[in-house]
Amino acid sequence: MSQKPKEIWRSLYPFESRFFDTGGLRMHYLDEQKGQKPNDPDRPVLLMVHGNPTWSFFFRNLITALRERYRIVAPDHIGCGLSEKPAESAYPFTLERRIDDLTGLIEGLNLKRITLIAHDWGGAIGMGAAVRMPERFDRIVLMNTAAFASKACPLRIRVGRIPILGRIAIQGLNFFSRAALKMATARPKNLSREVRAGLLAPYDSWQHRTAVYKFVADIPLSERHPSFACLRDIEEKLPLFRGKPVCLIWGMLDWCFTPEFLKRFLQFYPEADVHRIEGAGHYVLEDAGPTVVEAVREFLDRA
């Protein structure tokens with residue numbers, strides 16, 4: 001039987017879905033591991049944390065490449081991917097709550113010896129969890145992200161924050177997710193029909209795009225923003241990982257998390273293993289998947 005047009009992405013995502021209760025909401029996550037001891041509780045964990053408007057689908061090739069040697073846990077934030085998509089009245093959609101959700105999952109699964117692999121908003125959320133429980137984290141891999149306060153925000157992102165107009169564009173017209181297929185990659189024509197469908201699949205209605213809009217609204221560009229204090233607290237604690245292995249992988253054509261963000265991370269982690277990928281944009285795993293996979297694999301082997 002042929003797949004429905006909206007489901008052509010499923011062959012690229014051959015993983016078993018699992019669910020975790022967080023505050024009465026169902027958080028979807030993957031828990032993948034293969035090899036001679038597939039259920040080994042002592043196997044090192046790769047915790048992959050996505051951003052906006054992606055979901056765990058973004059890490060599919062990295063999961064497939066590394067699950068033979070590692071236990072891979074990849075959650076979808078509430079309102080994203082295959083997780084429950086509540087109304088605004090039922091969930092706060094704030095950075096602090098995102099961190100609460102992730103730390104709850106880590107504790108619920110009793111994850112230890114964690115390597116964080118994070119992209120976009122996943123950097124702030126993942127590092128937010130890491131600074132709360134540094135004893136559980138061994139290594140850090142960050143890709144085109146931030147975990148510190150910054151006023152740098154491109155105009156095309158700021159437009160999405162305009163009251164009424166931003167909500168209509170993002171929730172009504174799906175502008176943010178669709179525009180990302182062109183703007184977040186250096187080679188949009190190289191995205192297959194299946195990949196495009198996969199990236200868009202969870203965000204198929206006004207209600208299902210609530211989290212996409214709220215992520216944009218939650219960018220703390222001033223001290224008055226409700227999430228600013230949370231982000232500043234994460235920034236102040238980033239030095240906790242200065243003595244641990246850190247890898248920074250950057251698509252250098254990213255117009256949002258530009259190379260200036262990479263320079264800022266190097267101020268915190270001057271000894272980091274750095275991979276500057278000149279021909280890649282924000283969706284660095286889509287633009288340069290094999291290069292990123294090899295960089296992560298080598299880092300894990302060395303560290």
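One is the number of the first residue; the rest follow in order along the sequence. Please read these numbers as outputs of a predicted model, since none were measured by experiment.
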Item checked: Check against side chain to side chain contact (heavy atoms under 4.5 Å, CB included), Y203 and C80 -> CA-CA 8 Å; Y203 310 117; C80 303; 3.3 Å; yes
Residue set satisfying side chain to side chain contact (heavy atoms under 4.5 Å, CB included) with W255, at least two apart, ordered chain then number -> P154, R156, I157, M183
request  = Indicate, with yes or no, if I99 and F20 share a hydrophobic cluster defined by side-chain heavy-atom contacts under 4.5 Å among Ile, Leu, Val, Met, Phe, Trp and Tyr.
outcome  = yes
The complete set of salt bridge (charged side-chain N to carboxylate O under 4.0 Å, His left out) pairs with one or both residues in residues 207-216, sequence neighbours excluded, reads E88-K214
Problem - Test item: D31 side-chain N/O and V73 main-chain N/O as donor-acceptor pair under 3.5 Å - result: no
Shortest non-hydrogen pair, L82 vs F19, comes out as O-CE2, 3.6 Å
Open item on the list: Taking atom NZ as the centre, does K112 end up with more than 12 heavy-atom neighbours from other residues, nucleotides or ligands that are less than 6.0 angstrom away?
Closed with: no
- Examine L240 and V49 and state if one hydrophobic cluster contains both, with Ile, Leu, Val, Met, Phe, Trp and Tyr joined whenever side-chain heavy atoms are less than 4.5 Å apart. yes
For I114 and I106 the tightest heavy-atom approach is CD1-CG2, 3.9 Å
The side-chain hydrogen bond (donor to acceptor under 3.5 Å, both in side chains) partners of S227 (sequence neighbours excluded) come to D218
Donor-acceptor pair, side chain of Y213 and main chain of G172, under 3.5 angstrom: no
The complete set of salt bridge (charged side-chain N to carboxylate O under 4.0 Å, His left out) pairs with one or both residues in residues 15-27, sequence neighbours excluded, reads E16-R18
CZ (R196) and CZ (R178) are apart, to the nearest 0.5 Å, by 10.0 Å
As a quick check of understanding, evaluate side-chain hydrogen bond (donor to acceptor under 3.5 Å, both in side chains) for N61 and T64, giving each step before the final call. CA-CA 5 Å; N61 294 326; T64 301; 5.4 Å; no
The reported gap from OH in Y70 to CD1 in I117 (rounded to nearest 0.5 angstrom) is 9.0 Å
Ring geometry between F93 and Y91 (parallel below 30°, tilted from 30 to 60°, perpendicular above 60°):
perpendicular
inquiry  = So does L12 get a backbone contact from the side chain of E194, meaning a donor-acceptor N/O pair under 3.5 Å?
reply    = no
Heavy-atom distance under 4.5 Å between the side chains of W9 and R193, does that happen here? no
**OP:** Could you check if a side-chain atom of M27 sits within less than 4.5 angstrom of a side-chain atom of E84, using non-hydrogen atoms only?
**Re:** no
CG of L102 to OG1 of T22, rounded to nearest 0.5 Å, is 9.5 Å
> For L46, does its backbone N or O pair with a side-chain atom of R71 as donor and acceptor, under 3.5 Å?
Replying inline: no
All N/O donor-acceptor pairs, side-chain side in residues 120-127, below 3.5 Å, sequence neighbours left out:
residue: D120; atom: OD1; partner: H282; partner atom: NE2; Å: 2.8
residue: D120; atom: OD2; partner: N52; partner atom: N; Å: 2.9

In terms of heavy-atom contacts, G198 and W55 come closest through O-NE1, 2.8 Å
ask   = Would you find more than 12 non-hydrogen atoms of other residues, nucleotides or ligands less than 6.0 Å from E271 atom CD?
value = no
May I ask you to check whether H50 and F59 place their ring centres under 6.0 Å from each other? no
d(L266 CG, W250 CH2) to nearest 0.5 Å is 9.0 Å
Counting only pairs under 3.5 Å, give me each side-chain donor-acceptor contact of residues 293-303, with atom names and distances, residues two or more places apart or in other chains.
residue: D301; atom: OD1; partner: R69; partner atom: NH1; Å: 2.7
residue: D301; atom: OD1; partner: R69; partner atom: NH2; Å: 3.3
residue: R302; atom: NH2; partner: D273; partner atom: OD2; Å: 2.2

Between R161 and A217, the two heavy atoms sitting closest are NH1-O, 3.6 Å
- [ ] Kindly confirm or rule out a cation-pi arrangement of R10 over Y13, judged by NZ or CZ under 6.0 Å from the six-membered ring centre and within 45° of its axis?
- [x] no
With heavy-atom distances below 4.5 Å as the criterion, would you say the side chains of C247 and I140 are in contact? no
Check: Does one hydrophobic cluster hold both F15 and M48, with members joined at side-chain heavy-atom distances below 4.5 Å?
Finding: yes
For D287, the side-chain hydrogen bond (donor to acceptor under 3.5 Å, both in side chains) test, sequence neighbours excluded, returns T185
Would you call V292 and M143 a side-chain contact if the rule is heavy atoms closer than 4.5 Å?
yes
Do F57 and L199 make a side-chain contact, defined as non-hydrogen atoms from C-beta onward lying under 4.5 Å apart?
yes
Value for CZ (R113) from CG (L47), rounded to nearest 0.5 Å, stands at 15.0 Å
| said: Would you say the ring centers of Y283 and F58 fall short of 6.0 Å from each other? | reply: yes
- Query: So, does K85 use its side chain to make a donor-acceptor pair with the main chain of G81 at under 3.5 Å?
  - Reply: yes
Those residues at least two apart in sequence (or on a different chain) that pass side chain to side chain contact (heavy atoms under 4.5 Å, CB included) with R264 are F148, E235, Q267, F268
CA sep, side-chain torsions, deciding dist, call: L142, F265, side chain to side chain contact (heavy atoms under 4.5 Å, CB included): CA-CA 9 Å; L142 301 174; F265 269 118; 3.5 Å; yes
Practice problem: Kindly indicate, with the supporting measurements, whether the criterion side chain to side chain contact (heavy atoms under 4.5 Å, CB included) is fulfilled by R276 and V274. | Solution: CA-CA 6 Å; R276 297 175 176 86; V274 182; 3.5 Å; yes
Of all heavy-atom pairs linking A147 and L231, the shortest is C-CD1, 3.8 Å
For A211 and G79, the nearest pair of non-hydrogen atoms, with its separation, is CB-O, 3.4 Å
So CD of E286 and OG1 of T54: to nearest 0.5 Å the spacing works out to 9.0 Å
In terms of hydrophobic clusters joined by side-chain contacts under 4.5 Å, are F215 and F228 together?
no
- Do side-chain atoms of R98 reach the backbone of I78 as a donor and acceptor pair under 3.5 angstrom? yes
Hits for ring-ring contact (aromatic ring centres under 6.0 Å, His included) against F175, two or more places apart or cross-chain, chain-then-number order -> none
Answer whether the closest heavy-atom distance between the side chains of L262 and M252 falls below 4.5 Å. yes
Quick note, side-chain hydrogen bond (donor to acceptor under 3.5 Å, both in side chains) partners involving residues 127-150, not counting sequence neighbours, are D100-R132, N110-R136, T115-R139, N144-D254
Exercise. Give the C-alpha distance, both sets of side-chain angles, the deciding distance and a yes or no for side chain to side chain contact (heavy atoms under 4.5 Å, CB included) between N174 and I170.
Key: CA-CA 5 Å; N174 202 17; I170 294 174; over 6 Å; no
Side-chain (E68) to main-chain (K34) donor-acceptor, under 3.5 angstrom:
no
For I164, the hydrophobic cluster (side chain heavy atoms closer than 4.5 Å, chained through members) also holds I168
For R158, the side chain to side chain contact (heavy atoms under 4.5 Å, CB included) test, sequence neighbours excluded, returns C153, L221
